[in-house]
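To keep things clear, I will list the structure first and then write my remarks on it.
When a ligand or atom number is given, it counts from 1 through the structure's own listing order.
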Amino acid sequence: MPSGAVVALRPVTVITGASSGIGRELALLAAKEGEVLLLGRNEAGLADVARAIGAAGGRASLLVSDGSAPDAVPAIMAHLARHGMVCDQLVNNAGIGFVGLADALAPDAQMACVDLNVRFATALALAVLPGMLAQGRGGILNVGSVAGFLPGPGMTVYYATKAYLRSLSEGLWHEVAGRGVRITLLSPGPVNTRFLERATGGARASEATLFHVDVPRVAQQGWEGFRAGRAHVIPGLANRLVLMLAPFLPRKALGAMIFRRQTARRGAA
Ligand SMILES: NC(=O)c1ccc[n+]([C@@H]2O[C@H](COP(=O)([O-])OP(=O)(O)OC[C@H]3O[C@@H](n4cnc5c(N)ncnc54)[C@H](OP(=O)(O)O)[C@@H]3O)[C@@H](O)[C@H]2O)c1
């Protein structure tokens, strides 16, 4: 190759937390439209998703990465450059949360939640956004939660991280409007994934309520909304109603209701 030749970079969709749950489903959908880079810590889980994508005729690679590590984002950017890829779309999905009282849960675990849900998601968005804007294409899908709109006693730090993500998405949406880049916030209600099991230390693996929506439906609605350039997607009618009514309900009563629900979960923990 002549020196100074310009090598075209391959546009990829980068998906954090692609090894299970909502991220896995989003990865399968994204791979129907283009190449994907799967991120997470669980190599076997990521490899399984990559195999499923390959079997369906798609193209996927993986990078084992702990999003709560301080050097996670530079390592991801270096990996993209080394392999001739550029992040065309980012799915900020990796997230953890812990059920319990803030003063009783381990501070380190709660700070790992902030590092992953807030710091990692923000740093990755800031690292890839300028490239997207320079190309006038692409977008960021942030996986928030209905928790981002509600008081969260009994899971306080997690709810606060999702409120942050909501604010981040809203701000970025305005800043990039008309510049060819999409910003979407996906706010699921409860979904039966490994999330709850992790959040309750293994005591509770699944629940069934009016608010629950299946993982594939959450991912499908989120992905379609993102591709269509919607600012906000809330899967499930019951969840949409709650968020519509929440601003008119007394905030303290809402907080007390949520506290009771989280306390019951903690009782199982
Ligand atoms: N399930 C729900 O009820 C619910 C409701 C609303 C919003 N959400 C949000 O949906 C997103 C996905 O959660 P999920 O429900 O699909 O749960 P999940 O199955 O537990 O998936 C979480 C993903 O995050 C990744 N992750 C966790 N810690 C990580 C770390 N330190 N570094 C890198 N990746 C890490 C996990 O990958 P590894 O284990 O491979 O690291 C996994 O792929 C989260 O942001 C969550 O807050 C979930």
Side-chain angles (χ1 to χ4, degrees), residues 14-28 37-50 62-73 75-76 90-99 108-124 141-150 152 155 157-166 168-169 185-202 204-209 211-219 221-222 233-236 238-239 242-243 261-262 265:
V14 175
I15 300 141
T16 72
S19 58
S20 65
I22 298 169
R24 181 186 208 279
E25 294 298 321
L26 285 168
L28 296 174
L37 173 63
L38 313 170
L39 303 183
R41 294 164 307 170
N42 174 358
E43 189 166 7
L46 294 173
D48 184 61
V49 181
L62 60 89
L63 173 65
V64 175
S65 145
D66 180 349
S68 55
D71 62 345
V73 171
I76 293 163
L90 169 65
V91 179
N92 254 334
N93 164 76
I96 51 167
F98 298 102
V99 175
D108 284 356
Q110 296 185 82
M111 288 316 295
C113 170
V114 174
D115 284 341
L116 183 68
N117 301 10
V118 170
R119 195 172 200 288
F120 179 54
T122 307
L124 203 45
L141 172 60
N142 287 320
V143 181
S145 168
V146 296
F149 296 79
L150 301 169
M155 214 174 172
V157 170
Y158 174 74
Y159 274 58
T161 66
K162 293 299 180 179
Y164 170 89
L165 213 52
R166 166 198 179 186
L168 179 77
S169 294
L185 175 66
L186 170 62
S187 299
V191 190
N192 280 322
T193 63
R194 291 172 53 210
F195 179 84
L196 183 63
E197 199 178 337
R198 289 173 163 179
T200 59
R204 190 170 279 202
S206 68
E207 293 173 332
T209 71
F211 303 104
H212 277 75
V213 179
D214 290 347
V215 184
R217 250 179 79 205
V218 169
Q221 291 183 17
V233 178
I234 309 160
N239 294 312
V242 165
L243 292 198
R261 180 170 144 72
Q262 299 298 2
R265 281 172 152 182

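- Annotation: G17 places an N or O atom under 3.5 Å from an N or O atom of ligand 1; distance criterion only.
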### Task
Assess whether side chain to side chain donor-acceptor pair (under 3.5 Å) is satisfied between N117 and T161, documenting all intermediate values.
CA-CA 6 Å; N117 301 10; T161 66; 3.1 Å; yes

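- Comparing R198, K162, E197 against atom 36 (C) of ligand 1, the shortest heavy-atom distance belongs to R198.
- Here S187 has no heavy atoms under 4.0 Å from ligand 1, in either its backbone or its side chain.
- What sits closest to atom 45 (O) of ligand 1 on the protein, heavy atoms only, is N93 O, 2.7 Å.
- The proximity of F120 to ligand 1, defined as any non-hydrogen pair under 4.0 Å, does not occur for either the backbone or the side chain.
- Heavy-atom separations between P190 and ligand 1 include at least one value shorter than 4.0 Å.
- Only the side chain of I96 comes within 4.0 Å of ligand 1, counting heavy atoms alone; its backbone N, CA, C and O stay farther away.
- Taking any N or O of V191, backbone or side chain, at least one lies under 3.5 Å from an N or O belonging to ligand 1.
- For atom 31 (N) of ligand 1, the nearest non-hydrogen atom of the protein is D66 OD1, 2.8 Å.
- Looking only at protein heavy atoms, the nearest one to atom 42 (C) of ligand 1 is S20 OG, 3.5 Å.
- Residue A69 places no heavy atom under 4.0 Å from ligand 1.
- Residues passing the salt bridge (charged side-chain N to carboxylate O under 4.0 Å, His left out) test with E197, sequence neighbours excluded: none.
- Among G95, A27, S68, G189, the residue whose heavy atom sits closest to atom 4 (C) of ligand 1 is G189.
- Of the polar atoms of G40, none of the N or O atoms is found under 3.5 Å from an N or O of ligand 1, judged by distance alone.
- Residue contacts with ligand 1: G67 is placed with a nitrogen or oxygen under 3.5 Å of a nitrogen or oxygen of the ligand (distance criterion only).
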